[in-house]
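Some notes on the structure that comes next.
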Amino acid sequence: MINQVPVSYYLLLGAILFSIGAGGVLIRRNAIVILMCVEMMMNAVNLTFIAFSRYLDSATGQIFVFMVMAVAAVEVAIGLALLVELNRHKQTVNIDEINSLKG
Amino acid sequence: MTQLIWLTIAFPIAGVLFNGLLGRRLGHRVVSVVGPLMVLASFVVGVGAFADLLARHGEAVNVPLWTWAAIGSFEVNLSLLVDPLSVLMVLVVTGVGFLIHVYATEYMVHKDESGHAHPDRDFARFFTFLNLFIASMLVLVLGNNYLMMYVGWELVGVCSYLLIGFWYDRPSEEQAPIDLGEGAEPVKLPPLLSPAASGMKAFIVNRVGDVGFALGVFLIWTTFGTLQFADVFSQVPHMAEAMPAVLSWIALLLFIGAMGKSAQIPLYVWLPDAMAGPTPVSALIHAATMVTAGVYMIVRSNVIYSHAPGVSMFVAVIGAVTALFAATIALVQVDLKRVLAYSTVSQLGYMFMAVGVGAYTAGMFHLTTHAFFKALLFLGAGSVMHALHDVIDIRRMGGLKNKMPVTWLTFWIGGLALAGFPLMSGFFSKDEILAKAFEASPVLWGIGVLTAGLTAFYTFRAIFIAFHGQPRDRHLYDHAHESGPAIRFALVVLAALALVGGVLGLPAFLGLPHALDSWLAPIYATGEHAAAAGEHGLSLGLELGLMATSATVAVLGIVVAYFFYVVNPAIPRRMARSLRPVFVLLANKYYVDELYNAVFVQPGLKLARGMAQGVDALLIDSVLVDGLARLVGQIGRQVSRLQTGYLRHYALATFIGVLILVGYFFLR
Amino acid sequence: MEQTLFLLIAAISVIAALGVVFNRNVVHSALSLLVNFCALAVLYFMLNAQFLGIAQILVYAGAIVVLFLFVVMLLGAELGEKVTSWLTVQNGVMAVLAVILLTVIGTAVFESVIQGARGDFTPEAVQQYGQVQLVASALFTDYVLPFQLVAVLLSVGVIGVIWLAQRHQQSSARREFHD
């Protein structure tokens with residue numbers, strides 16, 4: 001079976017999604033949306049992994065994606081739990097209203 | 001016993017641990033037993049090693065303990081060397097040390113009128129240090145390499161410091177001016193340093209010498225690539241041809257160490273002040289053993305010195321000058337212990353004169369006999385002090401022979417030995433040195449004979465003033481008493497040794513056996529010593545003449561002292577009045593202390609103060625330490641502004657960082 | 001045919017991604033994210049990674065997006081920012097940065113030649129042994145240690161979330177810390 005889509009298309013799509021996610025992290029102030037953007041960036045990376053896995057006939061890329069998924073799940077769970085806790089204390093999830101780290 | 005020689009060091013160390021950790025709690029009686037017992041045990045082991053060595057005909061044995069340090073090719077094996085020289089030193093150190101320990105068990109306890117014993121506040125500490133000293137001294141003499149010798153060298157220095165300053169809370173004392181009578185102005189005497197200051201002085205002056213010694217050891221290492229005695233000495237003859245200058249430097253640097261430790265000009269100044277320590281310390285450390293370490297070191301290194309004739313001559317000259325110089329100061333001292341201290345410096349000068357002219361056996365012989373009679377004299381002085389409640393000024397004594405017969409008799413024996421009275425131990429050893437000195441140079445001999453006369457004079461001046469004549473201080477005299485059994489035991493044994501110690505080295509030219517000479521023969525460079533012994537330069541008649549001369553001089557000195565201080569006590573005063581400038585100069589010890597104070601101590605203090613205020617307080621504290629802290633604080637304050645606390649700023653920074661990294665890796 | 005499908009799916013995923021970023025309503029953002037994830041799952045299928053495609057739908061669409069929606073429900077969708085206009089200078093700068101990143105990576109994609117040893121995960125092998133079997137055999141042999149570590153990570157995550165989410169009795173020390 002000859003794949004008609006060149007690998008670079010997939011890679012480019014991954015780059016586009018990654019950049020959009022990154023831009024979203026920078027632009028948005030709502031912490032929940034920022035987490036979503038981070039997830040999107042991870043997915044973009046996953047896409048490139050799988051594309052390489054396909055074009056190099058290797059299972060390693062898929063294994064990596066599997067790991068990333070697990071990490072992403074944990075990350076979201078903890079991140080959202082932190083947001084809930086944060087909201088409990090500060091009554092906001094707007095990152096511009098939180099600057100306890102100020103030196 | 002040879003393989004167990006390490007026990008000689010282990011026993012005193014056990015004593016240190018026991019007395020140091022438990023002594024205070026167990027009381028002075030237990031310490032009085034344990035302290036001397038440990039040294040006695042050492043002595044017994046030493047005797048065992050001696051017997052073994054005798055059976056082996058003096059063949060040296062290395063007793064390896066463990067490898068101390070191995071850095072690349074640099075390896076220091078902790079090994080003990082059992083050979084005639086080290087065993088002789090072990091016997092002297094532990095033998096005399098044991099007697100002095102026994103003596104100290106009584107000396108450090110004061111009995112009041114009702115017979116209650118009051119041990120010194122720090123009785124246990126005293127014996128801890130004393131045992132530590134014995135252990136250190138044994139490390140010094142038993143080590144088979146220069147590093148162990150250096151370690152022992154420093155350790156005995158520390159013990160000396162600790163023991164001189166033993167009564168660290170006693171103040172410095174004024175000395176009453178010397179009254180010359182008949183309207184003449186009394187001669188003021190410089191005050192005596194406090195024990196703490198004396199200890200410090202001893203330590204610092206020794207340090208000057210130790211630097212030289214350490215440099216000498218370094219130079220040995222760089223030159224020979226080893227510090228083991230045997231390896232070094234086997235290379236010396238070759239090195240003496242290849243680079244004689246380096247060998248001379250080694251000899252000279254080692255001798256600088258000996259100058260400090262053995263109180264030779266110009267580093268002798270600490271020894272008289274070291275008398276501020278308890279008297280057993282003066283006897284053990286500052287007369288019998290530690291101060292002779294320099295002599296031991298030179299005899300041990302005899303191969304080096306015999307290949308460095310220039311330095312050897314220098315050693316002999318320094319020794320001779322020191323002998324005369326110190327003897328003249330001793331003439332006018334009024335402090336009994338200081339008379340003996342200057343006498344020690346003077347006798348050490350003799351020993352250096354001997355080793356300087358290559359008469360190593362004679363040096364060791366005098367070292368041994370000196371250990372006996374000088375320890376005896378110090379212990380006798382201590383006995384007097386003990387009886388007179390620490391009064392040491394001979395001008396307040398007098399007539400003590402009636403009150404303290406044993407002390408008086410033994411002191412006489414010690415005095416005769418020191419003066420070189422015929423057939424006493426000191427006579428043989430001193431005569432041997434003088435004969436060897438005459439062989440090398442009649443000038444040295446002349447100085448030696450002059451010194452011998454002075455020695456006899458000042459020794460018996462002290463004896464006649466202190467023990468004979470009328471009591472000068474009635475109150476003191478009435479309370480004086482003979483010392484107890486422990487002190488008498490030590491005095492009598494040492495007196496016996498001082499009497500018969502001469503049998504170790506009966507004059508060979510009379511056909512008598514010189515035991516020490518054949519005993520020590522294995523330690524000398526093979527061949528040369530035999531040759532030197534073979535070409536005995538002096539004829540029998542000359543030897544006899546020299547012997548008669550020194551005997552006459554000694555007797556003359558004693559007779560003059562008797563005439564001056566017993567028959568007609570007015571003479572010395574009259575002489576002092578007519579030679580007042582000389583007298584003042586001697587009473588002030590040639591102003592050497594004042595000179596050193598002005599030239600070294602005060603500039604040193606000024607430099608230190610300047611460093612403290614200028615460099616330390618300003619540069620290091622303000623600029624470097626505080627300045628750095630301020631700088632870091634400032635930077636931190638500025639940099640902390642970057643920490644806005646806003647997540648987006650952090651994210652932005654991360655993003656830009658990633659951009660740069662990605663750009664670099666993808667597009668380079 | 002396949003290329004057309006790819007372009008279609010790619011367009012959907014990009015539009016959904018932009019929707020995540022530029023939706024004012026958080027719920028709408030979450031739903032856009034769902035679309036994005038599903039589109040990617042389709043791409044995985046196209047890349048012969050059916051197992052991961054299913055996992056993508058299960059984990060991301062099924063669990064993560066639902067988790068997001070739960071939290072939004074808990075906290076209220078109106079929380080967070082009130083965006084009046086997207087066209088601010090700040091956003092412009094950020095967008096430019098993102099575009100620069102894209103340019104850099106895109107250049108790299110087209111400039112560099114993909115090299116690497118070919119493995120044995122060929123379509124033929126997949127046909128013969130099956131997708132899941134092959135992935136699993138790699139996972140449980142070569143990558144068993146990372147697999148275990150992921151298990152540990154998940155446990156830690158579970159415990160951490162439970163600890164975070166419970167209502168704490170606020171001790172004085174904690175209050176001090178928060179104030």
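Quick note on labels: first sequence line is chain A, next is B, and so on, each numbered from 1. The figures that follow rest on heavy atoms only: side chains count, while hydrogens, waters and symmetry mates do not. Keep in mind that what you see is a predicted model, and the values were worked out from it rather than measured.
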Please classify the contact of Phe665(B) with chain C as side chain, backbone, both or neither, using a heavy-atom distance under 4.5 Å.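 No part of Phe665(B) comes within 4.5 Å of chain C.
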
Do other residues, nucleotides or ligands put more than 12 heavy atoms under 6.0 Å from the [atom1] atom of [X]?
X         : atom1 : value
Tyr161(B) : OH    : no
Trp6(B)   : CH2   : no
Arg125(B) : CZ    : yes
Arg29(B)  : CZ    : no

Sort by residue number and list every member of residues 92-102 of chain C having a non-hydrogen atom under 4.5 Å from chain B.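 Answer by number: Met94(C), Leu97(C), Ala98(C), Ile100(C), Leu101(C).
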
Who among Ile656(B), Leu659(B), Val658(B) has the most heavy-atom pairs with chain C under 4.5 Å?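 Highest number of heavy-atom pairs under 4.5 Å: Leu659(B).
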
